[in-house]
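Here is the structure we will look at, set down as structure tokens.
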Amino acid sequence: MKKITLILVTLFVFGCKPTEKAVETKLNYQSQVAVKGDWQVTDVSYANSDYIKVSLFDLGNTKCFVNSTWHFISNNNKGNMKINDYSCAYESDITWYINQNNEMVIKFLNGTKSKKVTTGYVVQYVPINENKFQLIEQADVLNKTQDIVLTFERI
């Protein structure tokens, strides 16, 4: 976890770092097919979000991800994502999969071939219904583990 202290006394910024742990690679095909298609992040929530800023995927503040759009292709585990907030706009192709532990493993390609990208992110995948799921990132914030929940809805 990368920690940056800002000049503002009441504001702390924390970032989620790429995973360095061994990850289950057996696929959960049923979940991958359920995620196939176009999605939008409708909410990002965590405790004390008014006082603590968290950077997700080393891309930007969690608030930047609200209204971001994601396209998941299940038969080849590719896709793309786009942060639509003008103040932190970002777009990248991705590779992804959901393993049998219900973890989504994501790599942001940034114009690089997938096999050359050696870091990625592991987040918990929680299906809600056929049109909604959540990704949960655990972050160490002020020496406490906190869940950062991204809610996706089908578009």
Side-chain angles (χ1 to χ4, degrees), residues 1-25 27-28 31-32 35 37-74 76-99 101-126 133-153 155:
M1 187 71 95
K2 178 173 40 175
K3 182 167 68 172
I4 302 168
T5 306
L6 297 177
I7 296 172
L8 299 173
V9 177
T10 59
L11 181 63
F12 296 94
V13 177
F14 298 87
C16 305
K17 292 189 101 168
T19 186
E20 295 177 4
K21 69 176 186 172
V23 178
E24 172 67 52
T25 58
L27 302 181
N28 180 335
S31 292
Q32 288 194 177
V35 168
D38 296 312
W39 298 84
Q40 182 173 38
V41 175
T42 57
D43 185 50
V44 179
S45 59
Y46 57 95
N48 296 315
S49 62
D50 292 335
Y51 305 103
I52 302 170
K53 287 190 177 186
V54 175
S55 174
L56 284 176
F57 307 122
D58 291 328
L59 297 177
N61 184 324
T62 55
K63 294 185 187 312
C64 293
F65 284 84
V66 175
N67 296 320
S68 64
T69 52
W70 297 66
H71 179 71
F72 297 99
I73 304 168
S74 62
N76 66 4
N77 300 97
K78 295 187 185 281
N80 58 58
M81 61 82 64
K82 181 178 181 181
I83 295 176
N84 298 310
D85 185 315
Y86 72 92
S87 65
C88 43
Y90 177 81
E91 188 170 358
S92 180
D93 289 332
I94 60 172
T95 60
W96 66 280
Y97 66 88
I98 299 173
N99 65 25
N101 295 334
N102 270 346
E103 296 170 319
M104 183 180 278
V105 179
I106 303 171
K107 290 192 328 185
F108 295 89
L109 302 181
N110 299 314
T112 306
K113 292 195 179 270
S114 177
K115 64 184 176 184
K116 295 196 180 227
V117 177
T118 59
T119 59
Y121 300 85
V122 179
V123 291
Q124 193 65 40
Y125 165 73
V126 179
F133 72 89
Q134 293 178 326
L135 294 180
I136 302 173
E137 167 69 42
Q138 290 193 326
D140 182 21
V141 179
L142 299 176
N143 297 321
K144 292 182 183 176
T145 301
Q146 252 188 60
D147 289 343
I148 296 130
V149 180
L150 288 89
T151 300
F152 288 74
E153 291 190 25
I155 51 176

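The structure presented is a predicted model; accordingly, all values stated were derived computationally and were not measured.
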Q. With Val66, which residues qualify under side-chain contact (heavy atoms from CB on, under 4.5 Å), at least two apart?
A. Val44

(Q) Nearest 0.5 angstrom please: Asn80 CG to Thr95 OG1, how far? (A) 12.0 Å

**Q.** Separation of Thr62 OG1 from Ile148 CD1 (nearest 0.5 Å)
**A.** 7.5 Å

Q) Sequence neighbours excluded, which residues qualify as side chain to side chain donor-acceptor pair (under 3.5 Å) partners of Thr151? A) Gln134

(Q) For the backbone of Trp96 and the side chain of Asn77, can you confirm whether one donor and one acceptor N or O come within less than 3.5 Å of each other? (A) yes

Q) Of all residues at least two apart in sequence or in a different chain, which pass the ring-ring contact (aromatic ring centres under 6.0 Å, His included) check with Tyr97? A) none

Q: Output all residues satisfying side chain to side chain donor-acceptor pair (under 3.5 Å) with Asn101, sequence neighbours left out; order by chain, then residue number.
A: none

Q. Which is it for Val126 and Ile136 under the side chain to side chain contact (heavy atoms under 4.5 Å, CB included) test, yes or no, and what are the steps along the way?
A. CA-CA 8 Å; Val126 179; Ile136 302 173; 3.7 Å; yes

Q) ring-ring contact (aromatic ring centres under 6.0 Å, His included) with Tyr90: which residues, sequence neighbours excluded? A) none

Q) Going by heavy atoms in the side chains, are Thr112 and Val117 under 4.5 Å from each other? A) yes

**Q.** Residues that Asn143 engages under side-chain contact (heavy atoms from CB on, under 4.5 Å), provided they are two or more places apart
**A.** Asp140

(Q) Which residues pass the side chain to side chain donor-acceptor pair (under 3.5 Å) test with Asp147, not counting sequence neighbours? (A) Gln138

(Q) Side chains of Asp85 and Ser87 only: does a donor on one sit below 3.5 Å from an acceptor on the other? (A) yes

Q. According to the interplanar angle, ranging from 0 to 90°, do the rings of Phe133 and Tyr125 count as parallel (below 30°), tilted (30 to 60°) or perpendicular (above 60°)?
A. tilted

Q) What distance separates Gln40 CD from Trp70 CH2, expressed to the nearest 0.5 Å? A) 12.5 Å

Q: Starting at CG of Leu56, measure out to CG of Asn61 and round the result to the nearest 0.5 Å.
A: 8.0 Å

Q: Name all residues meeting the side chain to side chain donor-acceptor pair (under 3.5 Å) criterion together with Asn28; count only those two or more places apart in sequence or in a different chain, and write none if there are none.
A: Ser31, Asn102

(Q) I'd like to check Ile106 versus Met104 (side-chain heavy atoms, cut-off strictly below 4.5 Å). Are they in contact? (A) yes

Q: Quick one: list whatever passes side-chain contact (heavy atoms from CB on, under 4.5 Å) with Lys82, sequence neighbours left out.
A: Thr69, Asn84, Glu91

Q) Is any side-chain heavy atom of Val35 less than 4.5 Å from a side-chain heavy atom of Ser74? A) no

Q: Could you check if a side-chain atom of Leu135 sits within less than 4.5 angstrom of a side-chain atom of Gln124, using non-hydrogen atoms only?
A: no

Q: For residues Val122 and Glu137, report the shortest heavy-atom separation together with the two atoms involved.
A: O-OE1, 3.7 Å

Q | All side-chain contact (heavy atoms from CB on, under 4.5 Å) counterparts of Ile73, not counting sequence neighbours | A | His71, Asn75, Asn76

Q | Side-chain heavy atoms of Phe65 within contact of Ile83, under 4.5 Å | A | yes

Q: Mind checking the OG-CG spacing from Ser92 to Leu59? Nearest 0.5 Å is all I need.
A: 8.0 Å

Q: Kindly compute the distance separating CE (Met81) from CH2 (Trp39), expressed to the nearest 0.5 Å.
A: 16.0 Å

Q) What heavy-atom pair brings Tyr46 and Gln146 nearest, and what distance separates the two atoms? A) CD1-OE1, 3.6 Å

Q: Evaluate the side-chain proximity of Ile94 to Lys107: yes if any heavy-atom separation is below 4.5 Å, no if none is.
A: no

Q. Who passes ring-ring contact (aromatic ring centres under 6.0 Å, His included) against Phe108, sequence neighbours left out?
A. Phe57, Tyr121

